[in-house]
Q: 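Sharing a structure below in structure tokens format, with a few things to ask.
Positions are given from 1 along the sequence.
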Amino acid sequence: MWWLGAQAALNMVTFAVYAADKAAAQSGGWRASERRLHLLAVLGGWPAAWWAQQWLRHKSSKASFRSAYWATVMVHCVALVAVLFWQGAMMLHF
């Protein structure tokens, strides 16, 4: 259950970073790097990143960012399947 709580927290942080970056973009303030936004997505914050892109209309029209975002989603999903597969294989040995 700790994993679900960690994912929920990560998604809240991801959305907050997107919202802060959107506000900074509008006011000329400090911006979050695209690298940081993609790191949050690949770590598991991709659902909140997608929601922020849609709801806040932030980073939703930049094609290079969107391509990299979808790549992070795929990397995260492949890694998750690999971890689950590995855990299942380990459980069979015990």
Side-chain angles (χ1 to χ4, degrees):
M1 290 306 281
W2 68 267
W3 184 81
L4 290 176
Q7 287 298 302
L10 177 62
N11 276 274
M12 287 188 278
V13 167
T14 300
F15 190 87
V17 170
Y18 267 81
D21 190 52
K22 173 72 175 195
Q26 292 173 329
S27 68
W30 175 84
R31 302 283 310 272
S33 69
E34 289 186 358
R35 186 176 184 170
R36 176 170 290 156
L37 296 174
H38 291 313
L39 177 63
L40 289 168
V42 80
L43 291 176
W46 62 267
W50 178 85
W51 189 44
Q53 290 172 32
Q54 304 308 306
W55 195 54
L56 301 174
R57 290 302 201 205
H58 189 52
K59 300 286 188 181
S60 59
S61 62
K62 187 174 179 184
S64 62
F65 183 85
R66 298 281 290 171
S67 295
Y69 164 75
W70 285 110
T72 66
V73 172
M74 288 193 302
V75 167
H76 175 80
C77 290
V78 167
L80 180 60
V81 167
V83 166
L84 293 174
F85 179 78
W86 179 77
Q87 278 187 325
M90 295 301 290
M91 295 293 275
L92 291 175
H93 291 358
F94 290 105

Q: Please report the shortest heavy-atom distance between Asn11 and Pro47, naming the atom on each side.
A: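 Scanning both residues, the minimum pair turns out to be OD1-CD, 3.4 Å.
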Q: Considering all heavy atoms of both residues, which atom of Gly45 and which atom of Thr14 are nearest to each other, and what is their separation?
A: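 For Gly45 versus Thr14, the nearest heavy atoms are O-CG2, 3.4 Å.
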Q: Of the non-hydrogen atoms in Phe15 and Ala48, which two are nearest, and what is the gap between them?
A: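 Heavy atoms of Phe15 and Ala48 come nearest at CD1-O, 3.8 Å.
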Q: In Å, rounded to the nearest 0.5 Å, how long is the span from OG of Ser67 to NZ of Lys62?
A: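 Answer for the OG-NZ pair, Ser67 versus Lys62, is 11.0 Å.
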Q: Tell me which pairs pass salt bridge (charged side-chain N to carboxylate O under 4.0 Å, His left out) where either residue lies in residues 2-27, with sequence neighbours left out.
A: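 Every pair satisfying salt bridge (charged side-chain N to carboxylate O under 4.0 Å, His left out) with a residue in residues 2-27: Asp21-Arg31.
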Q: Looking only at heavy atoms, which two atoms of Trp46 and Cys77 are closest? And how far apart?
A: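 Nearest pair, atom of Trp46 first, then Cys77: CZ2-SG, 4.3 Å.
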Q: For a quick test of reading the model, state the closest non-hydrogen atom pair linking His76 to Gly44 and the distance between them.
A: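 Scanning both residues completely, I find the closest heavy atoms to be CE1-CA, 3.5 Å.
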Q: Ignoring hydrogens, what is the shortest heavy-atom contact between Tyr18 and Gln53? Give both atom names and the distance.
A: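 Reported closest heavy-atom pair: OH-NE2, 3.3 Å.
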Q: Heavy-atom distance under 4.5 Å between the side chains of Trp50 and Trp70, does that happen here?
A: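 Yes. Closest side-chain heavy atoms under 4.5 Å.
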Q: Would a hydrophobic clustering, with Ile, Leu, Val, Met, Phe, Trp and Tyr connected at side-chain separations under 4.5 Å, put Leu37 with Val13?
A: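 Yes, one cluster joins them.
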Q: State which residues pass side chain to side chain contact (heavy atoms under 4.5 Å, CB included) with Val42; sequence neighbours excluded, sorted by chain then number.
A: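 Partners of Val42 under the side chain to side chain contact (heavy atoms under 4.5 Å, CB included) test: Leu39, Thr72, Val75.
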Q: I'd like to know if Val83 and Val78 are part of one continuous hydrophobic network [Ile/Leu/Val/Met/Phe/Trp/Tyr, side-chain heavy atoms within less than 4.5 Å].
A: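 No, Val78 and Val83 fall in different hydrophobic clusters.
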Q: Any side-chain heavy atom of His38 within less than 4.5 Å of one from Phe65?
A: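 Yes. Closest side-chain heavy atoms under 4.5 Å.
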Q: Are Leu43 and Met12 connected into the same hydrophobic cluster when the rule is that any two of I, L, V, M, F, W, Y join if their side-chain heavy atoms are below 4.5 Å apart?
A: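 Unlinked, Met12 and Leu43 end up in two clusters.
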Q: Can you measure from CD (Gln7) to CH2 (Trp2) and round to the nearest 0.5 angstrom?
A: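 Nearest 0.5 Å value for the CD-CH2 distance: 8.5 Å.
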